[in-house]
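Numbers here simply count residues along the sequence, with the first being 1.
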Amino acid sequence: GRKATGDGRRDRKPIVTALFLTTVPDGEKEHDSEVYQALGYSRLFFNDPAGAKEYFAKSLELDPSNRKARFELSLLK
């Protein structure tokens with residue numbers, strides 16, 4: 001078996017979950033930006049380009065570095 005070394009802290013690995021985003025600076029905005037981007041894709045799926053533009057624009061407002069939302073928005077203009 002595995003031999004214990006001290007208190008075991010060195011053997012621990014970080015667990016990354018969706019909650020991790022909230023501990024990163026601006027993580028909440030980035031997460032919200034991705035949600036609006038997904039909503040934009042859903043509007044495209046349901047043939048609502050006006051709604052998609054609105055959601056992609058909101059995504060860019062929250063995270064101006066979101067290249068996917070910027071690309072999709074450029075195709076809809």
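Residue L76 is not grouped with residue L39 when hydrophobic side chains (ILVMFWY) are merged at heavy-atom distances under 4.5 angstrom, including chains of intermediate members.
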Between L44 and E72, does the side-chain contact (heavy atoms from CB on, under 4.5 Å) criterion hold? Intermediate values first, please.
CA-CA 10 Å; L44 286 177; E72 295 295 344; 4.0 Å; yes

Check the pair Y41 / F56 against ring-ring contact (aromatic ring centres under 6.0 Å, His included), numbers first and verdict last.
CA-CA 8 Å; Y41 284 123; F56 288 131; 5.3 Å; yes

Start with the C-alpha distance between D63 and D32, add both sets of side-chain angles, then the distance that settles side-chain contact (heavy atoms from CB on, under 4.5 Å), and finish with yes or no.
CA-CA 9 Å; D63 181 12; D32 290 348; over 6 Å; no

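In this structure, A52 and G40 approach most closely via the heavy-atom pair CB-O, 3.5 Å. The minimum heavy-atom distance linking N66 with S59 is given by the pair ND2-OG, 3.1 Å. Closest heavy-atom contact between L73 and K53: CD1-O, 3.6 Å.
No side-chain donor-acceptor contact under 3.5 Å links R43 to the backbone of Y55.
To the nearest 0.5 Å, atoms CD (E34) and NE2 (H31) are separated by 7.5 Å.
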